[in-house]
Amino acid sequence: MFMAAYPFDRIEAKWQQFWDTHQTFATREDPSKPKFYVLDMFPYPSGAGLHIGHPEGYTATDIIARYMRMRGYNVLHPMGWDAFGLPTERYSMTTGIHPRTATANNIATFKRQLKMLGFSYDWTREIDTTDPRYYRWTQWMFRLIYNSWYDHEQQRARPIEELPIPSTVDNVEAYRDAHRLAYMALVPVNWCEELGTVLANEEVDEWREKGYTVERRPMRQWMIRITAYAERLLADLDLVDWPESTKEMQRNWIGKSEGAEITFPVIGTEESVTVFTTRPDTLFGATYLVLSPEHPLVPIITEPEYRDAVDAYITEAHRKTDLERTDLAREKTGVFTGAFALNPATKREIPIWIADYVLMHYGTGAIMAVPAHDQRDFEFATAYRLPIEIVVQPPTGALEEPLSHAYTDDGIAWNSSNDEVSLDGLPTPDAKKRILTWLQQRGIGRPAIRYKLRDWLFSRQRYWGEPIPILHFDDGTRRVLDEDELPLELPDVQDIKPTGTGESVLATVPAWMDVWDPKTGKHGHYETNTMPQWAGSCWYYLRFCDPHNTEHFADPNRLRYWLGTDPNRGGVDLYVGGAEHAVLHLLYARFWHKVLYDYGYVPTKEPFAKLFHQGLILGEDGRKMSKSLGNVINPDEIVRDYGADALRLFEMFLGPLEATKPWSSQGIEGIKRFLDRLWRMYTEPNGSLSRAIVDVPLTRDQARLLHRTIKKVQEDIEALSFNTAIAQMMIFVNEFSRLPERPREAMEKFVLLLAPFAPHIAEELWQLLGHPNSLAYEPFPTWDEELIHDEVVEIVLQVNSKVRAKIHVPADCNIDQLKQYALDSEDIQRFISGKTIKNVIVVPGKLVNIVVE
RNA sequence: GCAGGAGUGGCGGAAUUGGCAGACGCGCUGGACUCAAAAUCCAGUGGAGCUCAAAACUCCGUGUGGGUUCGACUCCCACCUCCUGCACCA
């Protein structure tokens, strides 16, 4: 007859409904219990529905959430929607369906799919970044940032009213605006004509890959002064338990470098050029200066006969996008300005050039070129026949001239002395110190630290985003909205089309552009830019702690409960999401959190204590899943054919959580077989409890396997090593399903072990075993170390490290006995008779190794 | 180029502190059940040699080449390949 397969469709629907009606997973805040906050990166609800990759991370956090509940923790495990974004807006442009409607539809699809997978989210805490009750607080935080300046002495943000105003300043408001953490600036932005919007630097490549063209264009934009936090964003990485690769990416992105600023007088003028260098020790080898084409001194110092060439070069450089400038990096180009500067160390006159390999936005926009010891300068000097002078020699040997490439390593300073200072013979670190001392004494240089990190371009010319709560007045002034004026709600716009002017569609809404301000009596318009998608995701993990609060973004006591009170530890206990957010989202959220921390709104310095990236699931062909390759696996179909428990188990069994691994449609058949066997272990073919489950004590061997399984599953869950936990459960089922009498105690405990992984079948079996309530809060089984140990262990006997025999001995057999057993063994005698024994190594419980001549 | 990570059977992957390499699953082979098939259950399954065959036995084997050690997937040195990120950042 047909072997019973377990009726997953009936069981899964039944228990999902049960959890819903009983509010099984509503968060408990019992103060007598410890807390655990486990969070997924909330999804952007796209029209395509859930991807097979989503359930991977979500299952992992669900296992942890369910396990921690069984361990007696109050667990916060919420879900929400990062729902503002360009794809929805573009969808609306082509279909005419309002973004609000499209978003609601997409959220409904995602929510149905997540519920179908049986995740234990507390849906009463669901949040949506497009809900005015949510973005009211995103705007509130923008307001806080706008009303702040960064006090570099105290290393924290402070209210703008507390900014000291120098007596020389007469326009106080302008001075304040120049110090706010949110400010407007005319910046070259990445303009995309087809999208009718600017893009962040980080977004450019993504859209270029999709075939859009992006060009540089100066526009007035909102910027956020994240650079003020560079040092703290770097230093506080030491406080968090994150993948090393992600920390390293953030460090590279922040890009701290220590060096010096050195001032070079321009010959025959009052002007001087200040450069930033990490190698002040090579000053004696600086044979020319290079300014960025955008450098403000360029028009001032350029000699008349060189002006045409310089202007032509600048025009050409502006025409190029950043990408082209870097793409053509092989060939360095530049022009001479006709001006000379004085090298303060050598007292020689050196030419000043401009070149587009020097970037205005890094350092001072000017460099001293040391062609012998910098590869870029070397290439430039070679191309334009500029002098190359060696001032550092390798620790051993000497460089041969002419150089074939720059010597950029540390070494020994050479040919570096004048009347006042000599670096000769000093190793590079010492030479740096010596020259810096001299430069500072002479007042022409000082130590300096620079970061690659740039300020955050915060405005987008889009409709479907949080409005920036700013009123611009006709007189050119502006004000940020007060707390009682928030939220500033998005007006309804029926027809969403690009304006073509670079402004968002909000610029076409009369009520938005024609505003009489009741507080000032002035006329003006609201800001037409909206916030980037990153804004809403910067603080959603805080809102989950208290999602319905109308007085605060979250109650301070609840934040202290869920994040912890130690500023140096705390935050979300486990945060799981894709590595593609390793830099941007995680850096912005950390910055945002630190501003709130500076005002005491959050109790911890860092938002996420532990971070984990789940790996990518590839198509069965080992390539990335994509519609065009036709290798996409649809979660709906898998759940329909195999059930949610099977999908959850399979995604966890596929391999280590962090690994990139291919899908396998044969592999999921194996999981189905496991679940069917498991079902038959507990049930009769008619679905009632198996008669083989009886109240008998466990044998010694059965107890050992049970307790080993408990230990292995618990330890593997805590290490996020779910594939090996499942392997151990398979071993258990393989053994116990063949027993004619299955001890009830083992059967009950095993169901509890299984529950975090495959909750539906576990609940059903728990009920069959006679328990009326959900197992969600049953204590997780514990193991007895005594029962785990073998009474008899197998010892490997080796001669010269080759296995020659195996013996069974009592587990507590001591070293001398083991040695004697080995030497007496007939199998061993064959190999050692007539030879000299040099050494005998005994590892109790493992092996004896006899070393002979 | 720089940084981070990874290389183990036909495939996905296991392997505490250095101690029997290949757990578990897939696939494959053989068998039981069946008129037959599916489902299920049982047995086998790294390679080579030896053998009519099997057992037993021997040798080789964790990207490559060295090293440390009684003993190396694991530690050290050099290299190769792949993935991921950054890339004229002075």
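For the numbers below, each heavy atom of this structure counts, side chains included, while hydrogens, waters and symmetry mates do not. Each chain gets a letter, A, B and so on, in the order its sequence line appears, and its residues count up from 1.
Per the geometry, CD1 belonging to Ile668(A) stands 17 Å off C1' belonging to rG27(B), to the nearest Å. The CD atom of Gln728(A) sits 9 Å away from the C1' atom of rA23(B) (whole-angstrom rounding). Distance CG (Asp409(A)) to P (rG1(B)): 15 Å, rounded to an integer number of Å. Atom CZ of Phe650(A) and atom C1' of rG25(B) are 9 Å apart (whole Å). Rounded to an integer number of Å, the gap from CZ of Arg708(A) to C1' of rA15(B) is 15 Å. In this structure, Leu818(A) places its CG atom 15 Å from C1' of rC20(B), rounding to the nearest Å. Straight-line distance from the CG atom of Leu675(A) to the P atom of rU40(B): 13 Å, rounded to whole Å. Spacing between atom CD1 of Ile671(A) and atom P of rG27(B) amounts to 12 Å, rounded to whole angstrom units.
For Val803(A), taking side-chain heavy atoms from C-beta onward, the closest of the listed nucleotides rC20(B), rC88(B), rG27(B) is rC20(B). Closest to the side chain of Ser257(A), from the set rA90(B), rC88(B), rG25(B), is rA90(B). Checking rC86(B), rC24(B), rA90(B) against the side-chain heavy atoms of Ile731(A) singles out rC24(B) as nearest. Distances were taken from every side-chain heavy atom of Ser245(A) (C-beta onward) to each of rG4(B), rG27(B), rG25(B); the shortest belongs to rG4(B). Of the listed nucleotides (rG12(B), rC60(B), rC86(B)), rC86(B) has the atom at the smallest distance from the side chain of Lys452(A). When distances are taken from the side chain of Val358(A) to each of rG13(B), rG27(B), rA90(B), the shortest belongs to rA90(B).
One N or O donor and one acceptor, one from the side chain of Glu794(A) and one from the base of rC20(B), sit under 3.5 Å apart. Judged by atom type and distance alone, Lys846(A) does not reach the base of rC20(B) through any side-chain donor-acceptor pair under 3.5 Å.
For Asp701(A), the side-chain hydrogen bond (donor to acceptor under 3.5 Å, both in side chains) partners are Arg704(A), not counting sequence neighbours. Under the side chain to side chain contact (heavy atoms under 4.5 Å, CB included) criterion, Val187(A) pairs with Ala185(A), Val189(A), Gln221(A), Met223(A), Leu457(A), sequence neighbours left out. Shown here are the side chain to side chain contact (heavy atoms under 4.5 Å, CB included) partners of Ala372(A), two or more places apart in sequence or in another chain: Ile388(A), Ile390(A), Leu403(A). With sequence neighbours excluded, the residues forming a side chain to side chain contact (heavy atoms under 4.5 Å, CB included) with Ala341(A) are Phe264(A), Leu289(A), Ile350(A), Ile352(A), listed by chain and number. Annotation: salt bridge (Lys or Arg N to Asp or Glu O under 4.0 Å) contacts of Glu786(A) (sequence neighbours excluded): none. Partners of Asp621(A) by side chain to side chain contact (heavy atoms under 4.5 Å, CB included), not counting sequence neighbours, listed by chain and number: Arg623(A), Asn631(A).
A distance of about 11 Å separates the P atoms of rC75(B) and rU16(B), rounded to the whole Å. Between rC57(B) and rG22(B), the distance separating the two P atoms is 16 Å to the nearest Å.
Two residues, Thr660(A) and Val796(A), neighbour RNA chain B, and the one matched to the more 5' nucleotide by heavy-atom proximity is Thr660(A). Of the residues near RNA chain B, Gly655(A) and Ala727(A), the one whose nearest nucleotide (by heavy atom distance) lies more toward the 5' end is Gly655(A).
Proximity of residues 281-290 of chain A to RNA chain B (heavy atom under 4.0 angstrom from any strand atom) is not detected for any residue.
Within 4.0 Å (heavy atoms only), Gly670(A) reaches sugar-phosphate atoms of the nucleic acid but no base atom. Contact annotation for Leu847(A): base contact, defined as any heavy-atom pair under 4.0 Å involving a base atom. Residue contacts for Lys247(A): at a heavy-atom cut-off of 4.0 Å it reaches no nucleic acid atom on any strand shown. Within the nucleic acid shown, Asn734(A) comes within 4.0 Å of sugar-phosphate atoms alone, with no base atom in reach, counting heavy atoms only. Within the nucleic acid shown, Pro243(A) has no heavy atom closer than 4.0 Å to any nucleic acid atom. When heavy atoms are screened at a 4.0 angstrom cut-off, Thr246(A) is found touching no nucleic acid atom at all. Residue Arg673(A) is classed as a sugar-phosphate contact, given heavy-atom separations below 4.0 Å to backbone atoms only.
Under 4.0 angstrom from either OP1 or OP2 of rC20(B) there lies no side-chain N or O belonging to Arg804(A). Between Ser664(A) and rC11(B) there is no side-chain N or O to OP1 or OP2 distance below 4.0 Å. Put simply, Arg251(A) has no side-chain N or O that comes within less than 4.0 Å of OP1 or OP2 on rC86(B). In this model, the phosphate group of rA14(B) is approached by a side-chain N or O of Asn723(A) to a distance below 4.0 Å at OP1 or OP2.
The glycosidic torsion of rG47(B) lies more than 90° away from 0, which places this base in the anti conformation.
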Reading RNA chain B 5' to 3', what string of ( ), [ ], | and . shows its pairs, if Watson-Crick and G-U wobble pairs count only when both distances fall under 3.5 Å? (((((((..(((......[....)))((((((.......))))))((((.......))))..(((((..]....))))))))))))....
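Between the CH2 atom of Trp663(A) and the CD atom of Glu651(A) there is a distance of 5.5 Å, given to the nearest 0.5 Å.
Listed by first and then second residue, the side-chain hydrogen bond (donor to acceptor under 3.5 Å, both in side chains) pairs that reach into residues 798-807 of chain A are Ser801(A)-Asn849(A), sequence neighbours excluded. The list of salt bridge (Lys or Arg N to Asp or Glu O under 4.0 Å) pairs with a residue in residues 716-728 of chain A, not counting sequence neighbours, reads Arg71(A)-Glu718(A), Lys712(A)-Asp716(A). Screening residues 726-737 of chain A for side-chain hydrogen bond (donor to acceptor under 3.5 Å, both in side chains), with sequence neighbours left out, gives Arg677(A)-Asn734(A), Thr709(A)-Gln728(A).
A 4.5 Å side-chain heavy-atom check between Gln714(A) and Trp783(A) finds at least one atom pair inside the cut-off. Annotation: side chain of Val792(A) is not in contact with side chain of Val809(A) (no heavy-atom distance under 4.5 Å). Side chains of Tyr288(A) and Pro387(A) form no contact here, defined as non-hydrogen atoms less than 4.5 Å apart.
Annotation: cation-pi geometry not satisfied between Arg742(A) and Phe736(A) (NZ/CZ under 6.0 angstrom from ring centroid, within 45° of ring axis).
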Spell out protein contact along nucleotides 65-79 of chain B as letters: B when the base is contacted, S when just the sugar-phosphate is, - when no protein heavy atom is under 4.0 Å; keep the 5' to 3' order. -----BS--------
